[in-house]
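Comments concern the structure below.
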4 protein chains.
Amino acid sequence: MMANSVSVGILGATGYTGVELLRLMHDHPSVRVACMTSERYAGQPIAAVFPHLAGRQLPVLCRIEDCDPGAVDVLFGCLPHGTTQDVVRELPRGPKVVDLSADFRLRDPAQYERTYGQPHRAIERQRDAVYGLTELARAEIGKADLVANPGCYPTAAQLPLRPLLEARVIARDPIIIDAKSGVTGAGRTAKEASLHSEVSEGLHAYGVGTHRHAPEIEQGLSDSAGAPVAVTFTPHLVPMNRGILATIYVRLAEGATAADLQSALERRYEGEPFVRVLPFRSLPATRHVRGTNLCLIAVHPDRVPGRAILLSVTDNLVKGASGQALQNMNVMLGLPETAGLGQAPLFP
Amino acid sequence: MMANSVSVGILGATGYTGVELLRLMHDHPSVRVACMTSERYAGQPIAAVFPHLAGRQLPVLCRIEDCDPGAVDVLFGCLPHGTTQDVVRELPRGPKVVDLSADFRLRDPAQYERTYGQPHRAIERQRDAVYGLTELARAEIGKADLVANPGCYPTAAQLPLRPLLEARVIARDPIIIDAKSGVTGAGRTAKEASLHSEVSEGLHAYGVGTHRHAPEIEQGLSDSAGAPVAVTFTPHLVPMNRGILATIYVRLAEGATAADLQSALERRYEGEPFVRVLPFRSLPATRHVRGTNLCLIAVHPDRVPGRAILLSVTDNLVKGASGQALQNMNVMLGLPETAGLGQAPLFP
Amino acid sequence: MMANSVSVGILGATGYTGVELLRLMHDHPSVRVACMTSERYAGQPIAAVFPHLAGRQLPVLCRIEDCDPGAVDVLFGCLPHGTTQDVVRELPRGPKVVDLSADFRLRDPAQYERTYGQPHRAIERQRDAVYGLTELARAEIGKADLVANPGCYPTAAQLPLRPLLEARVIARDPIIIDAKSGVTGAGRTAKEASLHSEVSEGLHAYGVGTHRHAPEIEQGLSDSAGAPVAVTFTPHLVPMNRGILATIYVRLAEGATAADLQSALERRYEGEPFVRVLPFRSLPATRHVRGTNLCLIAVHPDRVPGRAILLSVTDNLVKGASGQALQNMNVMLGLPETAGLGQAPLFP
Amino acid sequence: MMANSVSVGILGATGYTGVELLRLMHDHPSVRVACMTSERYAGQPIAAVFPHLAGRQLPVLCRIEDCDPGAVDVLFGCLPHGTTQDVVRELPRGPKVVDLSADFRLRDPAQYERTYGQPHRAIERQRDAVYGLTELARAEIGKADLVANPGCYPTAAQLPLRPLLEARVIARDPIIIDAKSGVTGAGRTAKEASLHSEVSEGLHAYGVGTHRHAPEIEQGLSDSAGAPVAVTFTPHLVPMNRGILATIYVRLAEGATAADLQSALERRYEGEPFVRVLPFRSLPATRHVRGTNLCLIAVHPDRVPGRAILLSVTDNLVKGASGQALQNMNVMLGLPETAGLGQAPLFP
């Protein structure tokens, strides 16, 4: 890889996924950030917003209209849901796009409209979009112009579940995903519910039965099962900044054992740099992947016969967002897939 | 109630459940602490261990053998699991006992031995013991000499589930309890796994498929169902000090709706001072019960037809331990049940 | 005290000081909340904003103009700095007022204008206002119609320093106050700097050399010294919700020893229910006063001869705000000073 | 640098400084870990102790006597204070040593004995030891066989103070260092005082007037001042894992201004990769250096004329311990000083 040979733009650089991209790109041998947008802070250096970035050679923040897409090889969309599609629709066909919003994740426009409450405004681009769960769609991503980067919960849920559905070792129903996330998942928007005083020393579920990531998960699981899958999905907000843990309750397929799940996963992810299937009955912790693009998966037999429990942990800002986005960029450009993603976990 | 009219002893006063009893008793109009034991700190004032108790009129810590059970009306056992039974076995029949350990919770000695890895050494007393989930066993508790105070997870799980099984509005299987607890649940023992540096900014499951609270939960649920119930139960450690959230996944009984669950719970807990059934689809948070004896319960229809989700929150040290113990004492002695338990939540 | 015999209004009930007043009043035997205002949530029950208050008998939130001051005995001002003075100016002379904002704390209008950047708009009322550091101004507070409740930092700083200046055992210069506060001190305003993701796992100083509490502290210290005192004052934001710790560096007066400081403080606060002078060289912790109206003070000789170090901790929302406000109300009305303020610390 | 060309041993690899060395070495292009000791876990893979290290190519943990010093180029001592000297005394003169304990930091044996309560047992080696505050002793470190790596507080305190004393722009007295540290500074020892339940949501000072880092700081300051310096030093424990903030109160030298301090520091640290003098009156935060070897320094004029306030932040495990140790190794071996130390801050 030649130094600075890949020129990238970041739309929405002052949210947590944007600034996390900047952290990771610091370690990428060939990326040069050519353009970073922020409507609110346009004209200011990024260090005015994030002092920890002082000392980095980065362009001044600008408005979206001042970012020339023709001048970059890859555009990362870190904009709020529902706004990226307008930007992407107007883009020339030059730069490749990795969109971290939900705008291009759902293939079915009707499902999109039901889930996000508005018709999609860039249907044509949506048709081209490849769903970027890297380990499970590497070939398509390699040919894609537009990658829809998966949501944080869908990443943590699909990585363990999809190989098991493909291998037919678990039943399609029930699949119950009890997921827990750190606070950065709520973004950097200033709202009471995300204040330290409101979040720390407490825990609650939210979006019970209604969270928008459920249809996204079901789309992927149904693909793998070759038949419709419906999931129970409950997210929870945990008083920590980074990390997702999905605890997943499944029924074994007729004749299958928990050990079969273990071996199916081990086979599927053998040699993968970022997905690690831990020894049977391990207890992965989010703190063991902090700051990394790893997903750790463990299989447990349930105490109730015929069932099993899957545990899956990621850093929601890395494998759950910006890390996977960079991984996807690497695949799209034919770069080494681990470039910029070799960080060791920060523990404690 | 006459001031100081009830004399109590606390065996094991320097763990978190012991010191929480002291906090609550500060607000109890008729309790006088006559004796507090600590093998490690015997001879010292409690403020040497817990400086925040300085200024309270409390006896010096002593060894168990120096605590005269004949001199107290009620003994609270806050000792480690497996040690209380030896103490209780030797007790004269005078004082009433509320045991916060697991020693007397399981009625079946064989189940006890399987779960705790040793035969029970006080079988006779175990036969008398009443399982002290106050709202569901008030009459028996009122007549009991020995109350086995429920575990923290079993309290949070059984309060929502048992009325639903009794009302036959949910199926007996599957019942999946995904529970999350603050760190005080691990006690005050100095161990690496409970260090701030190991716990904060992270999350993990533990005891998957093997936690000792599962048989305790099943005993209660089976009683209510009138038939054996087996549960899936997964506890998680959350980086906060107090609080338990149980997210419970159930299947509706034939013909039942989530609204039926709501009304069954509302009927069952109408007028209860500590168990509150929130409006349908509410999102209870552990921080809303911090420092109180409350259990908040909410019912949600699942997005998958035929299923529902129950949410239940408590403060693990209060309703999950010392608060329920004090509530049980009040019932045993015929005192107002809310005495000493009127604290408002500490939020933030 | 007769139940419900004192009728109070709370202006600005949905900030942290307002809701903390409600927590404390829950334990007050004679207070009835007649009126609670919130411009933003007018018309809603308080439980819509703070679910943990569900179950309390409290009036619906209303606008300030809908709160009849003639119908209450005491008004608590929990409004932002700079807005209370307009409300107080228009008040009839009936109800007593405890103002938790900074509006009436500085006696000198020129100092007020310099510090808060605008001329005072209720000069007459300011003249009547009594600075409500209860232990040091009990007699005046007892006769006051308007009490300016001290700031959180000024409370933690003045309680140890003023008796020492009065006793002439420390020098007037230098006095260096290094103060650390939990996040609730920043209020409930939704701003990025108070988000969990921005505050947790980190620490910083702010307002270095410019914080508005410095003139307030100097006013009090100068009163006690009988001569102008200037202080160095640096506040810090600590990743916890409640608590203030002031570490104060002083020079001993000619001939004085650290032991003299200890005895001066012990004499001054003998018998005080809320201010405790700990044994020489103690290490008070904010967690030991969590949820209480206590101020713990400790004296340490410095390793450098001729100097001493004072430590002072409070709960910033209680003795640093709402607790002291309630204490002041008790004094103003001739009620027992500890009414509503008997909470035991919540630890852990 | 050739890959794996430097062979290192880590004595005491399972404490926080040991495991942090392993994190940093992951990014070092030429280090190969040949030997890691742990008395407690000898014979086990490091991932048994720290699961987040699974997947790394690292040797099995062994006892100290099984680590052949002749086979390594550099030995890092991460043992408890007082034990390294026995190991170092017996070492052959082959490998270079970077000792992270306090054993070789104090040049004066009498001072060592007063501070650590025992006579030094490796006086000869102590004479050779170079105090490894890298930026201020680069040349000596380059020639050293044994580097005494500075303590975390001494690093944060000396980096801002020593250039100012050298430049004679501040007075030698008073110098007041109010320092705040995260919990990892207390190490990984299982003790009640470091439990999450005891540390979180609270704050306290400790070692007031007696902390062992004060003589270490004074040794360095006296060197720079060319005359004895005595400091006031108060450490505090903050509920976060990583980070130190030192707030330092100084008196300006006759005729000097705060701007002179700013320029003296800027001159001294110009071009330094790890020490950054921020713009005048900046507010550095520990979270801005999390996971990095940076020290950020800011200068503030005090509101009291003639004084100034210095702020200094580091990550206590990196620049305050293992990062500086690796930096020192780089200097000792003539490697690029920043090798293995290029991590971007992890924020949030």
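A search for ring pair (Phe, Tyr, Trp, His ring centres under 6.0 Å) contacts involving Phe50(A) returns His52(A), not counting sequence neighbours. The side-chain contact (heavy atoms from CB on, under 4.5 Å) search around Ala48(A) returns Gln44(A), Pro45(A), not counting sequence neighbours. Checked against side-chain contact (heavy atoms from CB on, under 4.5 Å), Cys35(A) has the following partners two or more places apart in sequence or in another chain: Thr37(A), Cys62(A), Cys67(A).
Below 4.5 Å, heavy atoms of chain A meet heavy atoms from Tyr16(C), all part of residues 11-21 of chain C.
Under 4.0 Å is where a charged nitrogen must lie from a carboxylate oxygen, and between Arg287(C) and Glu201(A) no such pair does.
The one candidate from Val183(A), Leu237(A), Thr184(A) that meets the side-chain contact (heavy atoms from CB on, under 4.5 Å) condition with His196(C) is Val183(A).
Separating the OG atom in Ser194(C) from the CD atom in Glu198(A) is a distance of 10.5 Å, to the nearest 0.5 Å.
Between Asn241(A) and Ser200(C), the closest heavy-atom pair is ND2-OG, 2.8 Å.
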